[in-house]
Structures are given as C-alpha cells and as structure tokens.
Amino acid sequence: MEQNQIVSLSGGKDSTALLLMMLERGEPIHSVVFFDTGWEFPQMLDHIDLLEERTGIKIVRLKPTLSFEYWMIERPLTDRRGYSWPSPIRRWCTREKFNAINKYANQHKPWVQCIGYAADEAERQSKEIVKRRRNLRFPLIEWDITEDMALQYCRKRGYHWSGLYDVYRRVSCFCCPLQRMSDLRKLRKQFPELWQRMLDMDSRIDKNGGFKDYKTVHDLDRRFADEDRQMFFYKLSK
Ligand code: SF4
C-alpha cells in the first residue's frame, strides 16, 4: 500500500523549499503539518499564511496540548512549578512537538514523514534517534539540496520572511536557548519586544534551571548591556 507523505513544515527555508520542490516534482502529498510552538516569530506565522495562500494547500496547524509557557512556568512538579527553559538535556519542547506530529500521522496510516534536512546538514539524519525511525524521508538530502540552495530557491519564488533571513542564517523559536549567542544578541537589538517577552517569561520561572550558560535571561541581558557600554566607550575613545 502506498504511504501517505506528510510534509513536516517548520516554515523555515529548508522545509519551505522541500514543500515547493515536492509540488514542482509532482510528488504526492497527503498533508502539510506545521507545529506552532507559540514561540514563533510573527514573520514566520505570516509566511505560513502566505505559503498556504500561494500553494492552495490547507496547512494543518498543530499546537502543544498546553502552551509552552505553561510547561515551562506553571506545570506543577514535585519540587517546583514548571520545567524551566529547555536545554540540551531538558528538551521537553521537542518531545511535545514530536508527540503532536506523530499523533496526527498515526491517524493517517500508513505514513511517511518528509523532513527538510538539507544535504549539508546530513549529520542530523545520522543521529541515532532518527536512524531508528524507519518512516522518515529526507528528500533534500536525496536531491543534494544544501541550505544555501534552499534559501535561494525560496527567494527566487518570492518568499522573503519579511527579512528574517537577512538577520539570521537559521530561524527557530525566537527564545530557543539552543540558538547561537550571536543570534540572541541580534534578537535583543533587532526584536526588542520579543526580547522583552523573554525577560518577562524568565521573571515568572519558579526555579530557573538556567538559560544557556547563564542562570537567567536577566544575567544574559546584563552581559549584553555591558558589551554595549564597552563598545560605546570604545567608539568614543577613537
Ligand atoms: S527551536 Fe528550541 S525552543 Fe523551539 S522547540 Fe526546538 S529546541 Fe525547543
């Protein structure tokens, strides 16, 4: 029996290119699934709407059972409230995402999930957890499409994410602690309202398990403010 191809769409350049290329190649698509973490850049949500409008495909929008803010800040646990910020060893957020997409896919058996890993990030495909799952397909790797090629392809078709990819090389949840430090600096400077949202969430965490190598986002904010001050005086002294 033919498997239902479910496209996993994060909305970023790679999964967008994946969807558009599959359509261009006439690949059968059962459905396109977008998991809205609630921590998306507003520009990304606009992009999803645009993609839906232009392709004419109804994008299935999934959400966590309870909001990420609830899991992080409110959820009653034995010794505290909330899981605190995600970290490499506390990726409760990706577990939620994985479960929601799997739950959806299991309602449409037999299925194969198409994931937009690019050819130059094939190491993600070789991770143990991914290797153990057989019903995954990585068309961009099959077609040798790199991240740069994916971005160019999307741009040529008029997708610009309102400039998000002029700022970032990769786009994920705006407050992801697993992103690069340089990207967090950019967030603070170029998207101050989102940075403020991070600070507000940080203040509400009961026992903060830390954000990257910092105890809190507020500590990181102080570091960035210090850097700005030093740069200001450096420029004055020149
Ligand atoms: S991008 Fe970061 S915060 Fe968002 S789901 Fe993935 S690991 Fe979690």
Side-chain angles (χ1 to χ4, degrees), residues 7-16 18 33-48 59-75 77 82-105 113 115-118 121 123-125 127-130 133 136 138 147 150-151 161 164-165 167-188 190-191 193-205 208-217 220-221:
V7 177
S8 184
L9 179 79
S10 70
K13 62 187 186 335
D14 301 329
S15 62
T16 298
L18 168 68
V33 176
F34 167 69
F35 181 83
D36 182 352
T37 62
W39 288 345
E40 309 294 336
F41 280 89
Q43 294 86 341
M44 187 57 80
L45 298 176
D46 291 345
H47 171 75
I48 298 290
I59 295 172
V60 180
R61 289 162 169 81
L62 301 176
K63 286 186 187 276
T65 43
L66 296 162
S67 75
F68 272 14
E69 284 188 42
Y70 174 84
W71 290 111
M72 186 168 82
I73 299 168
E74 305 289 344
R75 178 156 197 239
L77 300 169
Y83 289 133
S84 182
W85 291 108
S87 75
I89 53 165
R90 285 193 314 268
R91 285 183 74 151
W92 51 265
C93 44
T94 36
R95 191 184 59 224
E96 273 289 299
K97 183 173 181 173
F98 176 86
N99 289 346
I101 295 178
N102 259 20
K103 188 173 167 199
Y104 171 82
Q113 205 179 315
I115 312 254
Y117 290 173
E121 51 169 13
E123 79 286 352
R124 291 175 78 186
Q125 186 205 357
K127 284 203 175 145
E128 275 314 305
I129 191 157
V130 174
R133 291 183 58 201
L136 297 181
F138 304 95
E147 287 189 76
L151 181 58
W161 291 267
L164 270 188
Y165 281 102
V167 179
Y168 298 106
R169 179 165 162 72
R170 286 186 179 158
V171 180
S172 57
C173 295
F174 72 85
C175 58
C176 179
L178 309 182
Q179 65 187 297
R180 294 185 308 184
M181 197 58 99
S182 54
D183 286 343
L184 286 162
R185 250 186 222 102
K186 290 175 190 169
L187 183 79
R188 182 173 178 271
Q190 306 203 31
F191 302 93
E193 67 298 340
L194 293 178
W195 184 258
Q196 186 56 49
R197 199 176 142 197
M198 273 177 77
L199 287 168
D200 293 343
M201 287 192 280
D202 194 60
S203 303
R204 292 166 50 217
I205 294 176
N208 205 321
F211 186 92
K212 280 186 116 42
D213 295 334
Y214 290 80
K215 280 190 185 156
T216 66
V217 179
L220 183 58
D221 186 57

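In listed order, ligands and their atoms are each counted from 1.
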Check: D202/W85 side-chain N/O donor and acceptor closer than 3.5 Å: yes
K97 touching ligand 1 at heavy-atom level, < 4.0 angstrom: no
Proximal ligand 1 atoms for R91, defined as those under 4.0 Å from one of its heavy atoms: 7 (S)
Donor-acceptor pair between Y83 and R75 side chains, under 3.5 angstrom: yes
Which residue and heavy atom of the protein sit nearest atom 8 (Fe) of ligand 1, plus the separation: C93 SG, 2.3 Å
Where E40 and F174 come nearest, the two heavy atoms and their spacing: O-CD2, 4.1 Å
Nearest non-hydrogen protein atom, atom 2 (Fe) of ligand 1: C176 SG, 2.3 Å
Contact check, side chains of L194 and C175, non-hydrogen atoms, under 4.5 Å: no
Flag if over 12 foreign heavy atoms under 6.0 Å of CZ, R90: yes
Options P177, P64, C175, S172, ranked by nearest heavy atom to atom 1 (S) of ligand 1, top entry: S172
Contact partition for Q179 relative to ligand 1, non-hydrogen atoms under 4.0 Å: neither
Atom 4 (Fe) of ligand 1: the protein heavy-atom neighbour that sits closest, reported with distance to 0.1 Å: C173 SG, 2.3 Å
Atom 6 (Fe) of ligand 1 [closest protein heavy-atom partner, distance rounded to 0.1 Å]: T94 CG2, 3.9 Å
Side chain to side chain contact (heavy atoms under 4.5 Å, CB included) between V217 and W195, intermediate numbers included: CA-CA 9 Å; V217 179; W195 184 258; 4.1 Å; yes
Spacing of OH belonging to Y117 relative to CG belonging to D14, to within rounding of 0.5 Å: 10.5 Å
Numbering as shown, the atoms of ligand 1 that approach L178 to under 4.0 Å (heavy-atom distance): 7 (S)
